[in-house]
Amino acid sequence: MTIPALTYSDDQAAAFDSITDMLRHAGIDLDDSLLMPPAGGADQVMAVTGKAGSGKTMLLAELYKALEAAGVEIVSGDYESRKRKEKRTLAILAPTNKAASVLRLRGVPATTIHRILYTPVYDPEYENIAEWLAGSGERPVIDGMNEISLDRAAAFYAKNKSIPGALAAAGLRGSDFITGWKRREEPLDIGFIDESSMLDDKQFEDLKEIFPTLLLFGDPAQLAPVGQSGTMVFEKLPKNRVLNLSRVHRQQDDNPILDLAHALADPDLTFEQFERMVEDASKQDDRVVWGQRVEVDLMARSPVLVWRNATRIRLINAFRSVHGAPEDALLEGEPLICDGIELPLKHRKKRLDLEARGLIKGAQVVYLGNGRKPGFSRLHVVGAEDPQISAASIVKIEKPDEEEPFIPFAARMGATFLHGAAVTIHKAQGSQWHTVQVFAPDLYAAARMGRSEAGQPLWKRLAYVAITRAQERLIWVVRNRLSKPQGALRVDDLKAVSAPALTLDVQTENEL
């Protein structure tokens, strides 16, 4: 077959060929750019596995480009045009907004699993604009919109491929365009799932109902989801359906962070020996830092990664203390982690609204200030395509040695948040940050306990996941100390680049 111009390693080329065969059975011939009806038969699931740096993301990106060039329609989370019988579709998904945003930064139009499980209900008039922008309809005539506004929308969409963004450029808001959400009824064709080590069995079954052809990308060295008994969904597939990328592709100038990650595969390596490797690397490359304390200024946007909840809570309270945060209020710029949605069944539509806008469990959020109603917060959802929202919030600040969290303010129901200045390594999976601080004393505690997971020392799995969250710089913190902040928390940079806020009222005035 003809492999794309990009130079592949042998294992990448073999994986590309195997996936091409699977796609051909699904009616998509990448060799000749032909789209045909699927051959039918049993659903197809295949996995591409490999450690950090093995080229999984590069392979995913090249497969996306090949499918798009063949005429396959890419389904994003913000708009899906009317179903056509001859249309073949591809959706590229990740478990979290942050993981999806990492792919989008590399030019891959990824969205979250939730945004595909649930589909938008559109306002009919604005749907005509969306169909025109997507190339499936005539230029519309809309009362109250002039030709200049439509031209602005078309120019934005040509560059960014975002329907809500194009409508905003025309002077409209996404909340005008999307009137609600419903569980997806129509299946799609092909699904690429990145960070599939995070999938649990229920999510996997939901995805198989939607996609007859499913391709998983995952790292077997990461931590399995809680409740999965140390196993990942792709480990249950037949061996001939798992394509492993074993070669590690380094950057031209090498990558000391990846070198440290792969050193953990040595079964004889002790924690003390690994720390010496980190210290030695820090003397040779400034991308690795031997930290004598936690840098508090980084915690507002890049949480400290820890193993134990007790450590997480102590660091969060230290962060709030050095910033002078009052107990009865949040400061603008404090980081939060969404811990779920607390709404009764009668508010199912509002729950879908919140989750579809990015407030899914584990979402990283920056607090921008009080909303217009009591209990409401203005929030910036990190990694979301339309990041600013206003929502009823329940904020819980956990305290050391106290069973119940302190709640500085709360709506009666809505999105629930924990503080996000520090997070457990389990919750950090799927996310990446430019600079990552790893709290080494916690990993030392895991090493001393001698615990194992899936046949490997737990501290090694924790260390591997933690240090591979770093895109450019790793700080290995060796002492239980916190620096002083160099300045106040800030939000002006978020407000400057964000779209107009979307208000999601999950309570009525009477309920307040």
Side-chain angles (χ1 to χ4, degrees), residues 1-31 38-39 41-70 72 90-95 99 102-103 106 108 110 113 189-199 201 203-204 207-208 211-225 228 231-250 258 261-262 265 429-430 454-456 464 468:
M1 64 158 288
T2 302
I3 296 176
L6 184 74
T7 301
Y8 284 154
S9 62
D10 290 343
D11 54 6
Q12 285 176 316
F16 195 101
D17 285 346
S18 296
I19 295 165
T20 299
D21 289 340
M22 179 179 74
L23 293 173
R24 188 177 296 112
H25 181 77
I28 298 171
D29 190 334
L30 294 185
D31 288 333
D43 294 346
Q44 302 184 98
V45 181
M46 189 173 280
V48 177
T49 65
K51 292 186 177 181
S54 60
K56 299 185 301 297
T57 302
M58 185 183 78
L59 183 60
L60 184 156
E62 291 305 309
L63 286 164
Y64 145 66
K65 292 174 186 175
L67 284 163
E68 185 178 46
V72 174
L90 165 69
I92 303 163
L93 313 179
V102 170
L103 286 174
R106 300 185 183 189
V108 178
I113 293 170
D189 286 335
I190 302 160
F192 288 178
I193 316 298
D194 197 28
E195 296 288 352
S196 62
S197 59
M198 299 174 67
L199 290 180
D201 290 336
Q203 289 172 315
F204 187 40
L207 289 167
K208 287 195 291 185
F211 298 101
T213 301
L214 200 57
L215 185 60
L216 311 178
F217 294 81
D219 185 341
Q222 292 198 18
L223 296 158
Q228 291 285 105
T231 60
M232 302 171 189
V233 293
F234 49 75
E235 293 175 329
K236 302 174 184 178
L237 297 176
K239 288 186 177 180
N240 65 344
R241 308 300 289 174
V242 179
L243 311 170
N244 186 58
L245 304 182
S246 56
R247 178 182 164 186
V248 176
H249 302 262
R250 297 181 177 180
L258 285 184
H262 292 291
Q429 285 196 141
Q456 187 180 19
Y464 177 87
T468 54

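The basis for the numbers below is simple: all heavy atoms, side chains too, and nothing from hydrogens, waters or symmetry mates.
Between E235 and T231, the shortest heavy-atom distance links the atoms OE1-CA, 3.3 Å. Considering every non-hydrogen atom in both I19 and M46, the closest pair reads CG1-SD, 4.1 Å. Smallest separation of non-hydrogen atoms from D189 and P212: O-CD, 3.3 Å. Shown here for M232 and S197, the closest heavy-atom pair between the two residues is SD-CB, 3.5 Å. The shortest non-hydrogen separation linking P95 to I113 is CA-CD1, 3.9 Å.
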Point to revise | Step-by-step side-chain contact (heavy atoms from CB on, under 4.5 Å) determination, Q12 to K56 | key: CA-CA 8 Å; Q12 285 176 316; K56 299 185 301 297; over 6 Å; no
Check your understanding: Between R24 and D31, is a side-chain contact (heavy atoms from CB on, under 4.5 Å) present by the stated rule, with each step listed?
Key -> CA-CA 9 Å; R24 188 177 296 112; D31 288 333; 3.0 Å; yes
Review point. Stepwise, does the side-chain contact (heavy atoms from CB on, under 4.5 Å) test hold for V48 with L216?
Key: CA-CA 6 Å; V48 177; L216 311 178; over 6 Å; no
Review point. Please walk me through it: do L63 and F217 pass side-chain contact (heavy atoms from CB on, under 4.5 Å)?
Key: CA-CA 12 Å; L63 286 164; F217 294 81; 4.2 Å; yes
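By the 4.5 Å heavy-atom criterion applied to side chains, L215 and I190 are not counted as neighbours. At least one side-chain heavy atom of D219 sits under 4.5 Å from a side-chain heavy atom of Y464. You'll find the side chain of T213 stays beyond 4.5 Å of the side chain of F192, heavy atoms only. A heavy-atom distance below 4.5 Å is found between the side chains of L199 and S196. Looking at I28 and L67, their side chains come closer than 4.5 Å, going by heavy atoms from C-beta outward. Counting heavy atoms from C-beta outward, R241 and Q44 have side chains that approach closer than 4.5 Å.
Checking side-chain atoms of E195 against main-chain N and O of A99 turns up no donor-acceptor pair under 3.5 Å. Between the side chain of E62 and the backbone N or O of L59 there is no donor-acceptor pair closer than 3.5 Å. Using modelled atom types, one side-chain atom of H262 and one backbone atom of A52 make a donor-acceptor pair closer than 3.5 Å.
The CG atom of L243 sits 8.5 Å away from atom CE of M22, with the distance rounded to the nearest 0.5 Å. Here the OG1-CG distance, from T57 to L103, works out to 6.0 Å after rounding to the nearest 0.5 Å. Atom CG of L23 is separated from atom CZ of F16 by 8.5 Å, given to the nearest 0.5 angstrom.
In this structure, K65 does not pair ionically with E68, as no charged nitrogen and carboxylate oxygen lie closer than 4.0 Å.
For the pair K236 and F234, the NZ or CZ position fails the cation-pi test of under 6.0 Å to the six-membered ring centre and within 45 degrees of the ring normal.
Around the CZ atom of R106, the shell of radius 6.0 Å holds no more than 12 heavy atoms that belong to other residues, nucleotides or ligands.
Applying the side chain to side chain contact (heavy atoms under 4.5 Å, CB included) rule to N244 yields the partners T49, S246; only residues at least two apart in sequence or on another chain are considered.
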